[in-house]
Undergrad: 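After the structure tokens below, expect a handful of questions from me.
Worth knowing before you read on, the calculation uses all heavy atoms, side chains too, and leaves out hydrogens, waters and symmetry mates.
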Amino acid sequence: MSTQKTDPASYPRAEVSPPSGHLFPHKHLLGIWNLDPTAIKHLLDVAEGYVDLNRQASKSTETCSGLTQINLFFENSTRTLMSFEIAGKRLGLDTISMSTGTSSIKKGETMLDTAATLNAMHPDVLVVRHGDSGAVKLLSEKMDCAVINAGDGRAEHPTQALLDALTIQRRKGSIHGQTIVISGDVAHSRVARSNIYLLNAMGARVRLVAPPTLLPADVDLLGVEVFHHMEQGLEGADVVMMLRLQNERMQGAFLPSLREYYQFWGLTREKLKAASDDVLVMHPGPMNRGVEIASDVADDLDRSAIEEQVEMGVAVRMACIDVLTRDLRKEAAQ
Ligand code: NCD
């Protein structure tokens, strides 16, 4: 089994980094693939502190006051956009979300011209979601500020993997040594890819459970075990992450029918019996109940961490914004 990390299609490797010696020596957060365990652990440690703050009645800090954050989403989002907006506001940034539906993108402006326009307004953090793999990296090269990838095509969704990691760490004590199943439409899922990189880096055993048509072409290079039978893949699993069928990224037929998909690949109570007794069930959302997951499994409060994942999302995004603006704030304070 190889553990070589593969670069998602058109995902360039170079990234300008701040001086070494930092626990997080990166200017941007574009993906997990180029982060070492120290950098991942640092973000999780900082996020842990924000979990407590987010549970208090008064949730605001002045940590990043005076800074400006722009959220630029070229694809739909509920959880990710809202949590980035809340995260920025709780840290004291002026946070603006730009909907591409009402912007000049509708008039034909290119993504890079939009980036240049936003850059001229001197934001300090730009959060970007885009339907094309590699688009956020390209955009980051045109921006002076820190750029956070909120999901690019099927390539990466780093903050989702970090919030999943924080959820697992809090529920299971650690990520190291856990057997973690990622099941469903792996081929089209940026969540799966970022999670594979992160969980491997942190010492988990990763299993992919999916029909052959829904596995990525480079699966042999990802350092995972592959199963084409759900009960076999679930055997003794500590964590199961279910994935939505990414119909918007599919060209052609990948499945015979949704009913058949649910029968073979949907997570039901019956299939879950194969996993360990205290298995944790996760899903990044949005869920398709009765397609990849049964309602009674999703809503089982003893096993499902789905709402906790959303909660951890705010803390993780606060941590990312905090860490990426530290040097800037230090400079401003001098
Ligand atoms: C995921 C995404 O957009 O990649 N959603 C999310 O950010 N919580 C997963 C999905 O859309 O299925």
Side-chain angles (χ1 to χ4, degrees), residues 44 47-48 51-52 54-55 78-80 83 157 159-186 189 191-192 194-196 198-200 202-211 214 224-246 258 261-316:
L44 296 179
E48 188 67 55
V51 176
D52 295 335
N54 287 334
R55 289 181 177 176
T78 304
R79 279 151 281 266
T80 308
S83 62
H157 192 349
T159 57
Q160 180 69 43
L162 287 161
L163 74 89
D164 290 339
L166 187 60
T167 307
I168 296 169
Q169 198 171 273
R170 288 172 61 91
R171 282 283 196 114
K172 296 280 181 188
S174 90
I175 297 167
H176 189 92
Q178 304 285 339
T179 298
I180 301 182
V181 169
I182 302 177
S183 178
D185 183 4
V186 183
S189 174
V191 173
S194 289
N195 262 304
I196 292 167
L198 188 149
L199 296 170
N200 272 336
M202 302 307 276
R205 286 168 34 196
V206 183
R207 295 181 187 167
L208 301 184
V209 177
L214 293 182
V224 295
E225 280 179 276
V226 175
F227 293 83
H228 298 305
H229 185 278
M230 209 162 175
E231 273 94 340
Q232 282 170 11
L234 287 171
E235 188 67 47
D238 301 304
V239 178
V240 187
M241 292 182 178
M242 297 307 298
L243 302 171
R244 182 177 67 87
L245 287 174
Q246 311 262 307
L258 288 185
Y261 183 80
Y262 181 65
Q263 191 190 333
F264 288 102
W265 306 102
L267 187 66
T268 58
R269 274 188 190 280
E270 197 49 39
K271 293 194 192 102
L272 208 49
K273 283 182 185 158
S276 80
D277 289 343
D278 61 349
V279 63
L280 192 65
V281 175
M282 301 175 73
H283 193 303
M287 270 186 287
N288 285 317
R289 291 167 182 265
V291 178
E292 71 267 3
I293 191 164
S295 268
D296 60 353
V297 173
D299 299 334
D300 179 348
L301 292 181
D302 291 333
R303 284 174 163 174
S304 169
I306 296 171
E307 278 183 25
E308 201 173 318
Q309 287 174 267
V310 178
E311 183 190 0
M312 294 308 127
V314 178
V316 153

Undergrad: Any idea which heavy atoms bring Ala47 and Ala315 closest together, and the distance?
TA: O-CB, 3.6 Å
Undergrad: Report the residue from Leu163, Leu198, Ile175, Asp238 that forms a side-chain contact (heavy atoms from CB on, under 4.5 Å) with Ile168.
TA: Ile175
Undergrad: Under 4.5 Å between any side-chain heavy atoms of Arg244 and Ser189, yes or no?
TA: no
Undergrad: Contact between Leu214 and Val186 at the side-chain level, heavy atoms closer than 4.5 Å - yes or no?
TA: no
Undergrad: Locate the shortest heavy-atom distance separating Trp265 from Val209; write the atom from each residue and the value.
TA: CZ3-CG1, 3.8 Å
Undergrad: Does the side chain of Glu225 come within less than 4.5 Å of Val206's, by heavy atoms?
TA: no
Undergrad: Is there a donor-acceptor pair under 3.5 Å between the side chain of Arg303 and the backbone N or O of Val281?
TA: no
Undergrad: How about Glu231 and Glu270: do any of their side-chain heavy atoms sit closer than 4.5 Å?
TA: no
Undergrad: Which value, rounded to the nearest 0.5 Å, describes the distance between Ser183 atom OG and Leu243 atom CG?
TA: 7.0 Å
Undergrad: What I'd like to find out is whether the side chain of Met312 reaches to under 4.5 Å of the side chain of Val51, using heavy atoms alone.
TA: yes
Undergrad: So, Asp164 and Gln309: side-chain donor and acceptor under 3.5 Å apart, yes or no?
TA: yes
Undergrad: How close do Lys172 and Asp278 get, counting heavy atoms only, and between which atoms?
TA: NZ-O, 2.7 Å
Undergrad: So, taking the atom named CD1 in Ile306 and the one named CE in Met242, what distance separates them when rounded to the nearest 0.5 Å?
TA: 10.0 Å
Undergrad: Just by modelled atom types, is the Ala210 backbone N or O under 3.5 Å from a matching donor or acceptor in the His228 side chain?
TA: yes
Undergrad: Can you measure from CG (Leu245) to CG (Asn288) and round to the nearest 0.5 angstrom?
TA: 7.0 Å
Undergrad: Give the intermediate values and the outcome of side-chain contact (heavy atoms from CB on, under 4.5 Å) for residues Met282 and Val240.
TA: CA-CA 6 Å; Met282 301 175 73; Val240 187; over 6 Å; no
Undergrad: Are Glu311 and Arg55 close enough that some pair of their side-chain heavy atoms sits under 4.5 Å apart?
TA: yes
Undergrad: Identify the two heavy atoms, one from Lys271 and one from Phe264, that lie closest to each other, and give their separation to 0.1 Å.
TA: CE-O, 3.7 Å
Undergrad: Testing the basics here: between Leu301 and Arg171, what is the closest heavy-atom pair and its distance to 0.1 Å?
TA: O-NH2, 4.5 Å
Undergrad: Check step by step if side-chain contact (heavy atoms from CB on, under 4.5 Å) holds for Met230 and Leu267.
TA: CA-CA 9 Å; Met230 209 162 175; Leu267 187 66; 3.9 Å; yes
Undergrad: Hey, could you give me the CD/CE distance between Gln178 and Met202, rounded to the nearest 0.5 Å?
TA: 12.0 Å
Undergrad: Closer than 3.5 angstrom, by distance alone: can the side chain of Thr179 be matched with the main-chain N or O of Ala237 as a donor-acceptor pair?
TA: no
Undergrad: For atom CD of Glu307, is the number of surrounding heavy atoms from other residues, nucleotides or ligands below 6.0 Å larger than 12?
TA: no
Undergrad: Distance from Glu292 atom CD to Tyr261 atom OH, nearest 0.5 Å?
TA: 6.5 Å
Undergrad: Identify the heavy atoms of Val297 and Thr268 that sit nearest to each other, and give their distance.
TA: CG2-C, 3.7 Å
Undergrad: Taking Asp300 for its side chain and Asp296 for its backbone only, find out whether a donor-acceptor pair lies under 3.5 Å.
TA: no
Undergrad: Are any of the side-chain heavy atoms of Asn195 and Val191 separated by less than 4.5 Å?
TA: yes
Undergrad: Tell me if a side-chain donor or acceptor on Ser83 pairs with a main-chain N or O of Val314 at a distance below 3.5 Å.
TA: no
Undergrad: Heavy atoms, side chains only, cut-off 4.5 Å: are Val239 and Val181 in contact?
TA: no
Undergrad: Quick check for you: to the nearest 0.5 Å, what is the distance between Ser174 atom OG and Gln169 atom CD?
TA: 7.5 Å
